[in-house]
Amino acid sequence: MERPLTVLRVSLHHPTPGPATFTNVPPQLEHDTSPLLVGRGPDAHLRLQLPRLSRRHLSLEPYLEKGGARLAFNLKALSRKGCVWVNGLTLRFLEQMPLSTVNRVAFSGMQMVVHIEGGTSLEAFVCCFQLSPSPLIYRLQAEETDEWEIIPQKQPPSGSGK
């Protein structure tokens, strides 16, 4: 008897997509339990053609929770220069976060919503991709930036003795 696969429904939006931005996005991708790479490089499973995107920008990493019978997922930031915004928190290089049922992710101007529908198979999962013409994430604060490394630090005023 075949076990149903976990399905990740992934909606993607970029405010100014070029004609090639989503060229390599398949409608559906079945993947084993190795990390699914997102980036612009040739080894990325989800390839997006954005100039500020790293070759390996982030990964979705399936794992089995202790005592669990379903796949769970971590999102791991892989870019040294950029950051990834996940459900209101900023992840920097090699930081990771467990994903919940519905997750809002932003990186390099891209907006992504990942909805996890659990299955019973522990050997593989399926990603179903949908392109959205409308923004997916509305937030008034915590503006995403990919330039966190060059933000000048405030210096104490000279002569303050600090």
Without swapping roles, check the side chain of [X] against the backbone of [Y] for a donor-acceptor pair under 3.5 Å.
X    : Y    : answer
Q111 : H13  : no
N74  : K76  : no
S59  : E61  : no
R3   : T120 : yes
S108 : R52  : yes

Any side-chain heavy-atom pair of [X] and [Y] under 4.5 Å:
X    : Y    : answer
Q49  : T23  : no
L48  : V38  : yes
L99  : V86  : yes
T90  : V84  : no
R104 : N87  : yes
F125 : L36  : yes
L46  : C127 : no
R40  : L50  : no

key: Reported OG-to-CD distance for the pair S11 and Q130, which is rounded to 0.5 angstrom   =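 With rounding to 0.5 Å, OG (S11) is 4.5 Å from CD (Q130).
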query = What distance separates R70 CZ from L64 CG, expressed to the nearest 0.5 Å?
reply =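 Result: 12.0 Å between the selected atoms.
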Candidate pair W85 and I137, rule side chain to side chain contact (heavy atoms under 4.5 Å, CB included), full reasoning = CA-CA 11 Å; W85 182 88; I137 302 169; 3.8 Å; yes
So, for [X] and [Y], which heavy atoms are closest and what is the spacing to 0.1 Å?
X    : Y   : result
A124 : L5  : O-CD2, 3.5 Å
L78  : L37 : CD1-CD2, 3.7 Å
S79  : S54 : OG-OG, 2.7 Å
C128 : Q28 : SG-OE1, 3.9 Å

With clusters defined by side-chain heavy atoms of hydrophobic residues (ILVMFWY) lying less than 4.5 Å apart, directly or transitively, does [Y] cluster with [X]?
X    : Y    : value
L91  : L58  : yes
M112 : V126 : no
L75  : Y63  : no
V25  : V7   : no
L29  : I116 : yes

task = Taking the six-membered ring for Trp and the single ring otherwise, decide whether the centroids of F22 and F129 are under 6.0 Å apart.
result =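 Not close enough - the centres of the two rings lie 6.0 Å or further apart.
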request  = Report the C-alpha separation of V114 and F73 in whole Å, then their side-chain angles, then the decisive distance to 0.1 Å, and conclude whether the side chain to side chain contact (heavy atoms under 4.5 Å, CB included) test is met.
outcome  = CA-CA 11 Å; V114 180; F73 293 84; over 6 Å; no
